[in-house]
Every structure is written in C-alpha cells, then in structure tokens.
Amino acid sequence: MTTDHDPVLYAVADGIATLTLNRPRRRNAFTLEMIDDWAAALRTAGADPDVRVIVITGAGQGFCAGVDMDTLLAVEDTPLAQKNLLHLTIHQVARAIEEVDKPVIAAVNGDATGAGLDMALMCDMRFTARSARLAESYIRLGLVPGDGGCWYLPRLVGQAKALELLLSGEFVDAEEALRIGMVNRVYDDERLLDETYAFAAKLAANPALPMGIIKRTVRAGERLDVRTSLDLISSHMAVVMSTDDARKSMAAFRDGVVGPKKR
C-alpha cells in the first residue's frame, strides 16, 4: 500500500498500472530509495496478470529532473562507487523496463531533463504535455549521459540529431520533440492523462501474449540481423497461433465478425 509520502505511488485500475514519481517539490528528482521503489513497482506490474499496460508519470508540474544532486554528491568520490551508483542502482529501471513484456508509456507531464529524460526515452512510448521541455542536460554539468541517453536517443532521432542534443544540452519543446520523433504524441496539459489512459485502455483490451511477444521482438531486433529476427518471429508466431485467443480471433475474422466485411 502506498501513501502520499512514498517516492513512487503505485495503483492499478482497468488493466493499467500507474507509477507516479512523487517528489514534486524537487521536480521528481530521484533518490536511491526512489529508484529501488521504481524498479520494484515495474517488476510488480510485470508479474501481475491483471496488468496489461504500464503508465509512468510525475506528480506536480514536472516529469523528472534526473538524479537528486544531494544523492549524487553524497556518493563516495571513487570511480568504483560512482560506477556502482549507476550500474547497480539507477540502471535498475532500464533493466526492469527491458525485461517487462508489457507496453510502458511515459506520460511526460512536465520538464524531463538529464537522467529524467533518459527515463522517458527508455519507455516504449512517450505522450507529452504541450508545455513540457526536454533536455539531455548532462553536458551543462560537465558530465556524460549516465542513464542510457547515448543509446536510446540516436535510435529515436538519428545519430546526427542525437549528437546535436547531447553535445549542446539544449532544451527541445514538445512540438519539436514530436517533429523529430523523440515523442509519439503531444496533448494539451489538461488532456494528457485522459488521452494517455484512453490509448492505454485500447492496448489493455488486446490479448497479453502477442503484445508481449511484439515488444520483445522489437526490442531484440535492435541487436539482431534480419535473418535471425525472422527466424525468431516464426517461432513466436507458432506459439501465438496455438492459443485459444488467436484461434477465436482468426475464426471471427474469417466469418466476418471482425475486420473487413466479406462482399
């Protein structure tokens, strides 16, 4: 059970799990405790058969301002301690999103900067408030992107545009982020969550197995050649076609119950 004092709020309704980053006074900058709760909530949602879709958003006016600087500066000043902060703690969220076979949508309700933007980029989709601004702001602090920005961003916007944003640290508004492919959709601020949940509800109505396999195959395809990917999907298809959901859906399509009507 979560309370308003928890750094991550967790709720499930109508097949949709919502994770709300809950440090609005710090623009949802994350602490180590918050990262642990964030990753644990993702794993809980992933294991819950009643959850079909996961939405991540922020409390207050911001999505996430990255790592809380007090947390960062409190870490022992050795290369190993700094590496472990990232690899063993902060990167838990990226690994959890990679492992969960359910769609993860970031509802970016406000500014997302540094690792906060990386946390949105690692989600499967990003729906963004019109007022939100996005920035890979590490370079302004003399740092390198520590939470996957150098991997995720080029795959969304291309290498040249990614380097422009990573090396400059410049802010991108929501409309520009949509134009370059960084986000999927932009909505007026007051409509963001309603529109996100409406889309999530459409996904939640789909059968879980093929959705999970589609996500897994797309993610794996980033590391596979086309021949291996085709071989993989042929095996997945054989499994999916053996399920009752698929057999009933295909029979309904054949009989004109769903899909294009027969002439």
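We count residues from 1, following the sequence as given. Side-chain atoms are counted along with the backbone in the values below, which use heavy atoms only and exclude waters and symmetry mates.
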* What's the verdict on salt bridge (Lys or Arg N to Asp or Glu O under 4.0 Å) for Arg185 and Glu195, showing C-alpha distance, side-chain angles and the deciding distance? -> CA-CA 10 Å; Arg185 301 183 181 192; Glu195 296 289 354; over 6 Å; no
* Is it possible for you to say whether Val93 and Tyr10 belong to one hydrophobic cluster, with membership spreading through side-chain heavy-atom contacts below 4.5 Å? => yes
* Asked: Is the shortest distance from a Lys or Arg side-chain nitrogen in Glu176 or Arg179 to a carboxylate oxygen in the other one below 4.0 Å?
  -> yes
* Side chains of Asp70 and Arg26: closer than 4.5 Å at any heavy-atom pair? -> yes
* If you look at every heavy atom in Lys215 and Asp124, which pair is closest and at what distance? -> NZ-OD2, 2.9 Å
* To do: For the residue pair Cys64 and Phe30, establish whether any side-chain heavy-atom pair is separated by less than 4.5 Å.
  => yes
* Structure fact -> So the ring-ring contact (aromatic ring centres under 6.0 Å, His included) pairs with at least one residue in residues 147-196 (sequence neighbours excluded) are none
* Asked: Going by an N to O cut-off under 4.0 Å, is there a salt bridge joining Arg43 and Asp48?
  -> no
* Which is it for Glu164 and Lys161 under the salt bridge (Lys or Arg N to Asp or Glu O under 4.0 Å) test, yes or no, and what are the steps along the way? -> CA-CA 5 Å; Glu164 176 189 332; Lys161 190 64 180 181; 3.1 Å; yes
* So which pairs with a foot in residues 107-143 pass ring-ring contact (aromatic ring centres under 6.0 Å, His included), sequence neighbours left out? -> Phe127-Phe199
* Identify whether the distance between the nearest side-chain nitrogen and carboxylate oxygen of Arg130 and Glu175 falls below 4.0 Å. => yes
* To do: Answer yes or no: is there an ion pair linking Arg247 with Asp244, defined by an N-O contact shorter than 4.0 Å?
  => no
* Does the distance from a Lys or Arg side-chain N to an Asp or Glu carboxylate O, for Arg133 and Asp173, drop under 4.0 Å? -> no
* For Arg27, check side-chain hydrogen bond (donor to acceptor under 3.5 Å, both in side chains) against everything at least two apart and list the hits. => none
